[in-house]
Amino acid sequence: MGMHVVVCDHKSGMLTSSSLEALSFADDLARKGGKDLVALVPDGLQDKSLHAYNLRSVYTFPAAGDNARVEEYLAAMTALAGKSTPERIIFSYNSLGKALGGQLAIRLNAGLVSNVCGFEWAEGKALYKKSVFSGKAYAWCAIHSEIGLVAILPKAYGVKQGQDPNSPEYIELGPLTIDARMQVVEHRMSSGKTPLTEADVVVSGGRGLKDPANWGLVESLAELLHAGTACSRPVADAGWRPHHEHVGQTGTAIRPKVYIAIGISGAIQHLAGVNNSRTIIVINKDPEAPFFKAADYGVCGDLFEVVPKLIQAIQNGQ
Amino acid sequence: MKLLVCLSKTADTTARIAFDAAGVKFSEEGVQFILNPYDEWYALVRAIELRDALGGQVDVVHVGSSASEMLIRKALAIGADAAFRIDDPEPETRSVAEQIARFAEDRGYDIIFTGKETIDYNSSEMGSMLAALLNLPFVSLCSKLDFADGILRCSTDIEGGTQIVEVRPPAVISAAKGLAEQRIPNMKGIIDAKKKPLEVLPASSISALTEVVRYELPQEKQGVRMIAPDDIHELVNVLKNDLKLI
Ligand SMILES: Cc1cc2nc3c(=O)[nH]c(=O)nc-3n(C[C@H](O)[C@H](O)[C@H](O)COP(=O)(O)OP(=O)(O)OC[C@H]3O[C@@H](n4cnc5c(N)ncnc54)[C@H](O)[C@@H]3O)c2cc1C
């Protein structure tokens, strides 16, 4: 009784970093509560790092392509819940989890807490720490239903490693009926780059760069630091950069280890999407720029001098 | 096309985030409320564009108190045709989804739009719940939407790219940036909005399965360490030794 299920996704056979975080969270939660943990994954996973998370069994289900569809996950999870009543179902709140969460909550009549970045134990029950107000506050939430869904905010909990692997039993979930009303007809991936939400380091540019032609500065620095690139909202709205690079309260919220802001003033709406970065470095020529108040390191100077010098210094290996 | 846009209110982006002394309730004192940007800028405007291109009507629905009527009128001023408010003063995500599902069930909407999330609770839960309650396909994080030959073709945001999906209406769609461009209501819109219908419907009570026990504010930053702009060596040191980036 009280089994916990962790739902994982993979890319070309390797677990995504957000799934590794969900596994880490689920492992800690199941251990704390003394519960069995099982995983649900689509066919084709080759990644044995799954075995380092104290799983009793791994349930697999047939998936049409490299990325299983939301409807396939829904059918698989509903089938698994019909076989054995899970107490908690844990998954990443990535794009898959966002489509899945509410639909599962209704199907299983389960309470859902999303954007979870931690938990604490109080009176024999878990309380889940949910990030709210775009990172400006946390809500501690309790689940009162028999089945509870816990959706993990990417890059907040971290991946724990180094446990002894066990050998869980693999169980195939038999033929599933998939809702086929919606069809995925194409995937368009931006080649080679780490997705912004998964990048450990992000270099971001604002209106201070003056012209899209100057973005070579942001891109060169990002390349040297193996970083993703981002921008402020007016930069995306002006069409200088693609919309998916817009970070902030009305863009993507990110939590990299290091965020480097170049020529960005640090308006409250911008900060809301980046203030949970572990370390923030700000390069801005205005000593009064609000971003300095939210920064760990600041350089007050002209970006057109500072950034080229920095790029050169890194290239020279200084 | 018959279109429905679900509208949520949210604390203004510049609102000071504070809670009552017990830490259990968001202090609304002095806080301005706005329409949730994803609902207003993207969902509503795309619905209006579809109506203008294909004919039909755009309804908006909001679950909340009469204090929100100003915001609902704004949606009418931007171009929605009719508004409904389900009179529930303190709705929680699941009960919003259940009440909108009951409202929409027999009204024959082709597309029901929500924003991808509200910018205060950031949950992204409502649209997905609504789709399951109405047994409709759910297009999540939609940043582009076209309709031709009876089929909706949607670009949806996924990590590192986009996914193109096709579905026949009816469907529930959550709107992300890119779907449309923000519109400011004009004078004529504001005057017309006063004459458009805004119907108030009774709430039904639905018990919540989750509960916020308390709120907490994050720890303040330690303070910034400034590096002189001509001391690039020091900046490289930070990247190399403190942050281990190079
Ligand atoms: C409802 C709402 C939602 C919003 N959501 C977002 C959001 O999600 N994300 C977002 O980013 N914004 C958002 N905004 C906009 C936000 O308020 C700011 O307008 C925006 O972030 C400013 O972008 P910026 O810093 O690039 O430009 P600016 O504010 O123009 O700042 C440019 C900065 O560059 C510096 N600079 C200029 N030249 C140089 C130089 N040569 N060297 C060094 N520094 C230089 C200047 O000192 C200045 O600080 C939102 C606004 C509203 C009202």
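By convention in this document, chain letters (A, B, ...) are assigned in the order of the sequence lines, proteins followed by strands, and residues within each chain are numbered from 1.
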For the residue pair [X] and [Y], establish whether any side-chain heavy-atom pair is separated by less than 4.5 Å.
X        : Y        : value
B:Tyr121 : A:Phe133 : yes
A:Val132 : B:Ile17  : no
B:Leu209 : A:Ile143 : no
A:Glu186 : B:Arg153 : yes
B:Met129 : A:Leu112 : yes

Quick check on [X] against chain B: is it the side chain, the backbone, both or neither that has a heavy atom closer than 4.5 Å?
X        : answer
A:Glu198 : side chain
A:Ala272 : neither
A:Arg107 : neither
A:Lys285 : neither
A:Ala227 : neither
A:Val299 : both
A:Tyr128 : neither
A:Asn94  : both
A:His244 : neither
A:Leu224 : backbone
A:Asn109 : both
A:Val306 : both
A:Lys130 : side chain
A:Ala294 : backbone

Note to self: Under a 4.0 Å threshold between the charged nitrogen and the carboxylate oxygen, would A:Lys136 count as salt-bridged to B:Asp120?
What the structure shows: no

Check: Using 4.0 Å as the upper bound for N to carboxylate O, is an ion pair formed by B:Arg214 and A:Glu120?
Finding: yes

Tell me, out of [options], who's got the most heavy-atom pairs with chain B below 4.5 Å.
options                                : answer
A:Gly251, A:Ala137, A:Ala142, A:Cys141 : A:Ala142
A:Arg188, A:His243, A:His144           : A:Arg188
A:Ser145, A:Gly301, A:Gly228           : A:Ser145
A:Ala253, A:Gly148, A:Ala295, A:Ser131 : A:Ala295
A:Asn276, A:Asn275, A:Ile268           : A:Ile268

In terms of heavy-atom pairs under 4.5 Å, which option from [options] contacts chain A the most?
options                                : answer
B:Val167, B:Asp242, B:Ile164, B:Ile119 : B:Ile164
B:Glu234, B:Lys116, B:Arg168, B:Gln163 : B:Gln163
B:Val212, B:Asp231, B:Ile151           : B:Val212

Enter the distance from [X]:[atom1] to [Y]:[atom2] here, rounded to the nearest 0.5 Å.
X        : Y        : atom1 : atom2 : result
A:Lys98  : B:Ile158 : NZ    : CD1   : 13.5 Å
B:Cys154 : A:Met182 : SG    : CE    : 8.0 Å
B:Tyr42  : A:Thr250 : OH    : OG1   : 5.5 Å
B:Leu239 : A:Ile281 : CG    : CD1   : 5.0 Å
A:Ile260 : B:Leu245 : CD1   : CG    : 6.5 Å
A:Arg233 : B:Lys177 : CZ    : NZ    : 6.0 Å

Checking heavy atoms, do the side chain of [X], its backbone, both or neither come under 4.5 Å from chain A?
X        : answer
B:Glu220 : neither
B:Pro218 : both
B:Glu181 : neither
B:Thr210 : both
B:Phe138 : both
B:Leu243 : side chain
B:Asn135 : both
B:Leu141 : side chain
B:Glu216 : both
B:Val213 : both

Next item on the list: Check whether more than 12 heavy atoms from other residues, nucleotides or ligands sit under 6.0 Å from atom NZ of B:Lys2, and answer yes or no.
Entry: yes

Note to self: Quick check on A:Arg181: does its CZ atom have over 12 non-hydrogen neighbours (other residues, nucleotides or ligands) under 6.0 Å away?
What the structure shows: yes

Give a yes or no answer on whether the side chain of [X] reaches the backbone of [Y] with a donor-acceptor pair at less than 3.5 Å.
X        : Y        : value
A:Asp296 : B:Gly223 : no
B:Glu159 : A:Ser95  : yes
B:Asn122 : A:Asn115 : no

Closest approach of [X] to [Y] (non-hydrogen atoms, all atoms of both residues):
X        : Y        : answer
B:Pro229 : A:Lys309 : O-NZ, 3.9 Å
B:Ser128 : A:Gly101 : OG-C, 4.2 Å
B:Arg94  : A:Ala105 : NH1-O, 3.5 Å
B:Lys221 : A:Ser277 : NZ-O, 3.9 Å
A:Pro195 : B:Gly160 : CB-N, 3.5 Å

Check: Is it the case that B:Thr13 and A:Gln249 place a side-chain donor and acceptor less than 3.5 Å from each other?
Finding: no

